[in-house]
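Here it is, the structure in full.
Letters go in sequence order (proteins before strands), and every chain restarts at 1. Every heavy atom of this structure was used, including side-chain atoms; hydrogens, water molecules and symmetry mates were not.
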Protein chains: 2
Amino acid sequence: MEPKDQIGLRRANLAHVLEVLRVHGPHSRAGIARLTGLNKATSSSLVAELTDRGLVRLGSPATGQFGRPGHLVELRPGTVCGIGLEVNVDYAAVAVLDVAGTLVRHRRVARDLVALGPDGAVDLLGELASAEIAALRADDAWVAGVSVAVPGLIDVSAGVVRLAPNLGWREVPLAARLAERIGLVPGVDNDANHSALAEHAAGVAAGTPDLLYLTGEVGVGGGVISGGSLLRGATGFTGEVGHMPLDPAGERCGCGRIGCWETSVGLAALLRGVAGDDDPVRDPALDLEQRLTLIAGRARAGDARTLAALHRIGSALGVGASILVNVLNPAVVVLGGYFAVLGRWLLGPAREELCARVLAPGPAGCELVLSDLGFTAAVRGGAHAALDAVLTDPTTAPSRSATAVRQAPEQHRSTS
Amino acid sequence: MEPKDQIGLRRANLAHVLEVLRVHGPHSRAGIARLTGLNKATSSSLVAELTDRGLVRLGSPATGQFGRPGHLVELRPGTVCGIGLEVNVDYAAVAVLDVAGTLVRHRRVARDLVALGPDGAVDLLGELASAEIAALRADDAWVAGVSVAVPGLIDVSAGVVRLAPNLGWREVPLAARLAERIGLVPGVDNDANHSALAEHAAGVAAGTPDLLYLTGEVGVGGGVISGGSLLRGATGFTGEVGHMPLDPAGERCGCGRIGCWETSVGLAALLRGVAGDDDPVRDPALDLEQRLTLIAGRARAGDARTLAALHRIGSALGVGASILVNVLNPAVVVLGGYFAVLGRWLLGPAREELCARVLAPGPAGCELVLSDLGFTAAVRGGAHAALDAVLTDPTTAPSRSATAVRQAPEQHRSTS
DNA sequence: CCACTAAGTTGACTCATCCAACAAAGTAGG
DNA sequence: CCTACTTTGTTGGATGAGTCAACTTAGTGG
C-alpha cells in the first residue's frame, strides 16, 4: 500500500492529483501544485503523464484575474470507465461511469433472478457487461474494471457469494464464473457496501468521510464508510444490521429469531402495516415500485392507516439508526431503497427518535437524509468501486502515446 | 499522510522497517530487506538511521544455518518511550512503554477524582507525568509523547473532554491545561479507545486488524479497531455502545431512557443481580476490586443467586455483542474491565448467545476472549498512542550523533 | 585447506522531486 | 499604444532515495 519505490511515490502523487481534481474540481497546473503541496514543475510533469494515460485533459483557458491565465486541467470524460453490475431479486442492472463521475450509461432489465438461478444470472450479467465493454472498446475507451453488487454475504477477496438468502444462492463463485464470460475478473461486494460507495462518491453525502448507508428492501442492509474508506471487517461481513434484536417481545423474523429490526422496518413490515390481507397493494402482479407508488398515493391522500404505519416505521427506523450512530458516529446517515421513496413520511419520526437517543453533543449526530440515487445506488457504486483501482493507481491505465508504439504487439493480451 | 517527497518516502520506509520488527520480531538486515521488499543496501541504510535515532540496535550475532550469519536488528528498549495517563472515578494512573513494547513503569494512585474536580485532576496527572518525564530524561531517554485516557466523550483533535458523566466533567480543555504542566501537548482520548489500542498492540488480540474492545465499568464503552486502525467517526464519538435500546420493556437507565444495554450488563446491574439491599458487597467502604473478589468468591463457592445473575449478564452481554459483531465483523471481541475479572462465568452464556445471533458463516464471528491487561489496558493504550507518533514518523526521534554536534545549542528548545 | 553460502558494504546508475531562473500571456495604468 | 506588474508554465541543474552488481566478510561442511 505504502509506496516504497520512487515509482511507488510517483504512483501516489499521480493519484493525489486525480483526488484533488475530483474533490476541488478543475484547476490549473499551478493551482494543483498549491493544493497538493508539490512543486509547480512536478505538477506539470504529473499532469502530462495523466493526460497521456487519458485520465485528464486540458480544458478551457481559465478565468484569471491578474497575471497570465492558466489552462484548466479537468478529469477527462469518456476515456477511462468503470462498469458496475447489480443482481437483485427481480432485476439486474449495469452502469458505466467515467473518471469524471458522469453516468455514461445505465440499463436495467426486469427478470426473475430467483427463477433464473446462479447460472442464468451469470449469463445475464455476462451479456450486460460484455455489451458495454464492446461498446466502450469500439469508442476507444479503456475499461478500468467491473464490480458486481449482490444482496448477501460476500467474500470479497475470493469473489464468492457465500450466502444470498433472497436470491437463494449459496457458495456461488461469481467472480470466477463471470471472468470466463467477460475476460476480466470482476469485483464482488454487498449491495449496501456498493451503495455506500456511490453516496460517498457522488450522492447527497458526497465527500463525507464518515457516513452510514441503510437500504430498505426485503431485508435491511448497512454500508459503512468511516475515515474515508469502506469498513470491511475481518471477513468482509460488516453492516449486517437487519437482525439487531431490538425487542424481546417483538415478532418472529424470517431468520428464526425474535424482534429483529427487520421485523419492524423491513418491506414486509411496511406491507403488513399499510395493508390487510386482501388489499390491492398485495396483488402479486405488482412490482415493488408500483406498490410503493400506491402507498405513497394513499399517504399523500391522508389515509390514516397508512400514515400511522409510516409513522411507526419511521420511529423504529430512528431507534435502530441511533444504535448505529452511537457506535459509528457518522456525519450523515443516508436512507436508500424504499426508505428514500417514502422518506417524506418517515423522516420526521425517525429524526425525532434519533436525536433523542444520540449521545454525542451537538447536531452532528443527527443528520439523516434521503438518497437521491434511489434504486441505482448499488450499480453506480459498483462502477465507482471499479474506477477506484485507477484512481489509486493511475499507472494501470494504458499510456496512449508510448503504448501505441511499444505495446501495440501485445494488444491481444490486454484485451483478453 | 501519503508521502509526496523523497524525504516522505524515506519516512515511510523507516516506519515500515519498525513495523516489520514489531510484527515479526528481530531480523538481520538482509531479512528485513526480504520482508519489506526493499533492497539490501536500502535496508542497511534505513537500519543505520534508525540506530542513530535510538529506535533499534544490533543484537546478538544471529543463528545462521549456512553462509555468513547476520547480526539481528531489534527494537531498542528504554531509549524512546511513550507515556500513558488515565483518569478514572477512583484512581489515576501512569504507564511508560518503550518502542519494544516493554512496560518500563506503571503506577496507580487511589484518589477520589470526582471530589478533586478537573483542577485537582490536572495537578495530579501533571505530577505523575512530570515525574516520569524527569526520570526518563535523566536516563537519557527521549519522550515520544503523552496521551491521556478519560472515560467520556472526547474531542480528540481539540484535546477537550466534552462530557465525562462519571467524573462530573464538562468541556474541560485537558490537553491545553496539562501542556502547561508538562511542557508538551498530550493527546486525549476515550478510555475504551485507548484500551482497544493496547489490546491491538500487545494484548490477547495482538496484531488482529479488526477487533472490538468492551469495557465493563459503571458504564459500558466500546473501542473499535477496523482495518488496522482505530475508528474515530466524524466527531470522535464512536463506540458509545452502553445505551443501545435493547428492551422496550426493560429498566430505566441513568440516561433517562428505557432498556439501555447498560441496565442489564453495567456494574449497577451486576450489584443489583448478585446482592440485596443490605448485602455486604454494597458496603461503601469497599472499592471495585474488593467487591469483585467477593462476588468471584461466591461464584466459586457455587452460590445460586450469584451464578444465576452472572449467567443472565453473560447472556445479555452476548446479545449486545452480537449487534456489534454483525455491524463491525471483528475477528475478536475483547472483554475488559469487570467482564475480564468475572469472565469465567460470563463467557459461556455470552458465547452461546453470540454464536446463535451472528449471521456471518463460520466460527470467525464468534471469538470472544478476556483481556489479560485487566484494568491497566487504558494506561498502556495511552502509551501506545503516544509511541504511535514515532512509529509512523521515526524522523521525529532526535538523531543521537548528528544532534550532539549540530543541535546541541538548541537543546533547550527540545526539552521545553 | 578449500568450496559453498549468505550477510553486509561500496560505488555507479536511475529516476522523482525540488529549485531558481526564464519565457509567456494576460491586466492595469499612464 | 506602451510599459510595469502578476501569475502561469517550462527548462536545466541539483539533491537525494532506492536499485543494481560486484565485492568483501564470515561462517559451515567436506
(Q) Quick check on side-chain contact (heavy atoms from CB on, under 4.5 Å): which of A/T79, A/T396, A/L136 does A/W142 satisfy it with? (A)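 Only match with A/W142 under side-chain contact (heavy atoms from CB on, under 4.5 Å): A/T396.
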
Short N/O separations, protein against nucleotides 16-18 of chain C, under 3.5 angstrom:
from   : atom 1 : to    : atom 2 : distance (Å)
C/dA16 : N3     : B/Q6  : NE2    : 2.8
C/dT17 : OP1    : A/N13 : ND2    : 2.6
C/dT17 : OP2    : A/R10 : NH1    : 2.6
C/dC18 : OP1    : B/D5  : OD1    : 3.4
C/dC18 : OP2    : A/N39 : N      : 2.9
C/dC18 : OP2    : A/T42 : OG1    : 3.0

Q | Any residue of residues 26-35 of chain B with a heavy atom less than 4.0 Å from an atom of DNA chain C | A |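 DNA chain C contact set from residues 26-35 of chain B: B/S28, B/R29, B/A30, B/R34.
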
Q | Distance-only side-chain donor-acceptor flag, A/D155 / A/S157, under 3.5 Å | A |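 There is such a pair between these side chains.
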
Q: Sorted by first residue and then second, give each side chain to side chain donor-acceptor pair (under 3.5 Å) pair with at least one member in residues 385-395 of chain B; sequence neighbours left out.
A: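 For residues 385-395 of chain B: B/D393-B/T395.
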
Q.
Using five pairs at each end of the helix from C/dC1-D/dG30 to C/dG30-D/dC1 to define an axis, what is the angle between those two axes, to 10°?
A.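 Here the local axes at opposite ends form an angle of 0°.
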
Q | 4.5 Å side-chain heavy-atom contact, B/D189 and B/V148 | A |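 Heavy-atom side-chain distance check fails, nothing below 4.5 Å.
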
Q) Can you tell if the side chain of A/P394 reaches within under 4.5 Å of the side chain of A/L18, non-hydrogen atoms only? A)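 Answer yes - side chains close enough.
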
Q.
Check this one for me: any side-chain N or O of B/S44 less than 4.0 Å away from OP1 or OP2 of C/dT9?
A.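 True: B/S44 side-chain N/O within range (under 4.0 Å) of C/dT9 OP1/OP2.
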
(Q) Quick check on side-chain contact (heavy atoms from CB on, under 4.5 Å): which of B/V20, B/L46, B/N13 does B/T36 satisfy it with? (A)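 Exactly one candidate clears the test, B/V20.
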
Q.
Show every salt bridge (Lys or Arg N to Asp or Glu O under 4.0 Å) that has at least one partner inside residues 13-25 of chain B, sequence neighbours left out.
A.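 Matches after skipping sequence neighbours: B/E19-B/R22.
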
Q | Polar pair under 3.5 Å, donor/acceptor by atom type, side chain A/R68, base D/dT8 | A |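 Indeed, a donor on one side and an acceptor on the other fall under 3.5 Å apart.
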
Q.
Under the salt bridge (Lys or Arg N to Asp or Glu O under 4.0 Å) definition, can you give me all pairs with a residue in residues 71-80 of chain B, not counting sequence neighbours?
A.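 Listed by first then second residue: B/R57-B/E74.
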
Q) To the nearest angstrom, how far is B/F66 atom CZ from C/dA3 atom C1'? A)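 It is 12 Å, rounded to the nearest whole Å.
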
